[in-house]
Asker: 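Below is one structure. I have some questions about it.
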Amino acid sequence: MARNNEALNNPEIEDDDPMVSESESESEEDGDVKLSQPSKTAVLNKAGLLDKLADISWPENIDWIHKLSFNIVQEQPVDVNDDLTRELAFYNQALEGAKQAFTKFQEKGLPFLRPADYYAEMVKSDTHMEKIKGRLLAEKKRTEEADERRKSRENKKLAKEVQVQKQRERAKQKKDDIESVKTWRKQRKQSGFADDGDLSMAFDDGKSFERSSKKRPGVAPGDRSGGKARQGGGGFKKGFDKKRDRKDSKFGFGGRKGMKKQNTAETTNDFRGFSKSSKFPSNKKQKV
């Protein structure tokens with residue numbers, strides 16, 4: 001800018017080729033491209049250029065808040081052909097400018113952070129964003145369903161493997177028990193049945209046969225009512241129930257019902273319930 005002002009203020013300095021562009025000047029140094037001839041209608045209005053420059057240039061006493069710019073001095077030279085070094089220099093300059101601006105705003109007490117209740121206008125419309133939201137939710141739902149199906153398949157596969165393993169263990173246990181019983185029978189036969197049916201003889205695994213002693217409390221061995229016969233009723237009501245007692249005496253407690261009404265020698269010879277007279281006499285005449 002200083003060079004341009006000097007050229008405009010000194011009319012003695014002549015511009016050999018005012019119409020030559022920057023690219024042409026670069027090619028002039030190379031000497032490969034032939035320069036084009038300047039236009040004969042070109043006009044150099046120095047007064048007008050200076051007037052426009054004064055209009056667009058910042059005043060010298062302008063406040064910093066209107067410019068918001070910093071001049072960062074690069075101390076070390078940077079190789080412009082090295083992309084990494086050049087981009088790192090840009091990053092360092094921007095970071096240093098941000099730090100200086102942060103300090104400047106704090107010194108002047110000016111707000112520079114976005115308010116919490118500030119909502120900028122969206123570039124996309126609400127309808128478009130609703131479509132995007134619905135698409136994202138649908139994709140998320142499909143992903144979750146796929147994960148659930150995959151987990152279900154894995155669980156089924158694992159459960160099937162566990163079931164097969166259990167079945168194998170049970171089959172092996174059954175086979176071992178059968179072999180143990182066969183061995184026990186063989187040993188008992190070889191001993192000439194000297195144990196007289198004693199089941200305390202140990203098997204191959206060292207365990208002897210024991211009957212299960214697990215019984216339900218309050219239930220007789222042949223009681224099929226589950227112990228309700230001793231409770232004076234069904235057990236659903238407290239105290240004595242005449243109706244329940246009458247039905248129990250008539251129908252029993254769910255035990256053996258077969259041959260209950262079959263005649264015996266005592267009931268055959270018992271004529272206490274026999275009556276010659278009938279409540280419903282027949283109209284037919286008896287044959288003599």
Asker: Ignoring hydrogens and geometry, is there a side-chain-to-backbone donor-acceptor pair from Asn45 to Gly48 under 3.5 Å?
Answerer: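 Checked: pair present.
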
Asker: Assess the residue pair Lys186 and Thr183 against the criterion (side-chain contact (heavy atoms from CB on, under 4.5 Å)); give the C-alpha distance rounded to whole Å, side-chain angles, the decisive distance to 0.1 Å, and a yes or no.
Answerer: CA-CA 5 Å; Lys186 186 176 180 180; Thr183 306; 5.6 Å; no

Asker: For Ser69, check side-chain contact (heavy atoms from CB on, under 4.5 Å) against everything at least two apart and list the hits.
Answerer: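 In terms of side-chain contact (heavy atoms from CB on, under 4.5 Å), with neighbours along the sequence ignored, Ser69 is linked to Lys67.
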
Asker: Locate the shortest heavy-atom distance separating Ala89 from Val78; write the atom from each residue and the value.
Answerer: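 Looking at all heavy atoms of both residues, the shortest contact is CB-CG2, 4.0 Å.
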
Asker: One pair to check against side-chain contact (heavy atoms from CB on, under 4.5 Å): Leu113 and Tyr118. What are the steps and the verdict?
Answerer: CA-CA 10 Å; Leu113 297 177; Tyr118 176 78; over 6 Å; no

Asker: Tell me, please, which residues at least two apart from Thr41 pass side chain to side chain donor-acceptor pair (under 3.5 Å).
Answerer: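 Testing Thr41 for side chain to side chain donor-acceptor pair (under 3.5 Å), a comparison that skips the adjacent residues, returns Ser39.
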
Asker: For Asp270 and Glu266, indicate whether the former's side chain and the latter's backbone hold a donor-acceptor pair under 3.5 Å.
Answerer: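 Checking the backbone N and O of Glu266 against the side chain of Asp270, no donor-acceptor pair under 3.5 Å is found.
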
Asker: To the nearest 0.5 Å, tell me how far Gln173 CD sits from Ile178 CD1.
Answerer: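 Between atom CD of Gln173 and atom CD1 of Ile178 there are 10.5 Å.
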
Asker: Would Leu95 and Phe90 satisfy side-chain contact (heavy atoms from CB on, under 4.5 Å), going step by step from the backbone distance to the final call?
Answerer: CA-CA 9 Å; Leu95 182 61; Phe90 290 158; over 6 Å; no

Asker: Not counting sequence neighbours, list each pair that qualifies as a side chain to side chain donor-acceptor pair (under 3.5 Å) and has a residue in residues 137-150.
Answerer: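 Non-adjacent pairs meeting side chain to side chain donor-acceptor pair (under 3.5 Å): Arg150-Glu154.
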
Asker: Test of understanding: with ring-ring contact (aromatic ring centres under 6.0 Å, His included), list the residues that count as partners of Phe70, not counting sequence neighbours.
Answerer: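 For Phe70, the residues satisfying ring-ring contact (aromatic ring centres under 6.0 Å, His included) (neighbours in sequence not counted) are Trp64.
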
Asker: Under the side-chain contact (heavy atoms from CB on, under 4.5 Å) test, which residues partner Lys243, sequence neighbours left out?
Answerer: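 Asp241, Arg246, Lys247.
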
Asker: From the options Glu169, Gln163, Gln165, select the one residue that forms a side chain to side chain contact (heavy atoms under 4.5 Å, CB included) with Gln167.
Answerer: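 Only one of Glu169, Gln163, Gln165 forms a side chain to side chain contact (heavy atoms under 4.5 Å, CB included) with Gln167, namely Gln163.
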
Asker: Does Glu130 have any side chain to side chain donor-acceptor pair (under 3.5 Å) partners at least two apart in sequence or in another chain, and if so, which?
Answerer: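 Scan of Glu130 (side chain to side chain donor-acceptor pair (under 3.5 Å), adjacent residues dropped) gives none.
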
Asker: With side chains defined as the heavy atoms from C-beta onward, is the minimum distance between Lys108 and Asp63 less than 4.5 Å?
Answerer: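 SC-SC contact between Lys108 and Asp63 confirmed.
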
Asker: Who pairs with Ser152 by side-chain contact (heavy atoms from CB on, under 4.5 Å), at least two apart in sequence or on another chain?
Answerer: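 Residues passing side-chain contact (heavy atoms from CB on, under 4.5 Å) with Ser152: Lys156.
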
Asker: With sequence neighbours left out, which residue pairs that include part of residues 48-62 fulfil the side chain to side chain donor-acceptor pair (under 3.5 Å) condition?
Answerer: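 Found none.
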
Asker: Taking only residues two or more places apart in sequence, or in another chain, which ones meet Lys172 in a side chain to side chain donor-acceptor pair (under 3.5 Å)?
Answerer: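 Counting only residues at least two positions away or on another chain, Lys172 forms a side chain to side chain donor-acceptor pair (under 3.5 Å) with Asp176.
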
Asker: Which residues pass the side chain to side chain donor-acceptor pair (under 3.5 Å) test with Thr264, not counting sequence neighbours?
Answerer: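 For Thr264, the residues satisfying side chain to side chain donor-acceptor pair (under 3.5 Å) (neighbours in sequence not counted) are Thr267.
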
Asker: Please check if the number of heavy atoms outside Asn155 that lie under 6.0 Å from its CG is greater than 12.
Answerer: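 Check passes, neighbour count above 12.
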
Asker: Restricting to side-chain contact (heavy atoms from CB on, under 4.5 Å), what partner residues turn up for Pro111, sequence neighbours left out?
Answerer: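 Checked Pro111 against side-chain contact (heavy atoms from CB on, under 4.5 Å); zero matches.
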
Asker: Heavy atoms, side chains only, cut-off 4.5 Å: are Leu68 and Phe105 in contact?
Answerer: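 In contact.
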
Asker: Can you tell me how far apart CG (Leu137) and NZ (Lys133) are? Round to the nearest 0.5 Å.
Answerer: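 Rounded to the nearest 0.5 Å, the CG-NZ separation comes out at 6.5 Å.
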
Asker: Go through Lys104 and Leu110 one step at a time and tell me if the side-chain contact (heavy atoms from CB on, under 4.5 Å) criterion holds.
Answerer: CA-CA 9 Å; Lys104 198 84 171 177; Leu110 298 175; over 6 Å; no

Asker: Can you list every pair that meets side chain to side chain donor-acceptor pair (under 3.5 Å) and has a residue in residues 70-92, with sequence neighbours left out?
Answerer: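 The answer is Gln74-Gln93, Asp82-Thr85, Asp83-Arg86.
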
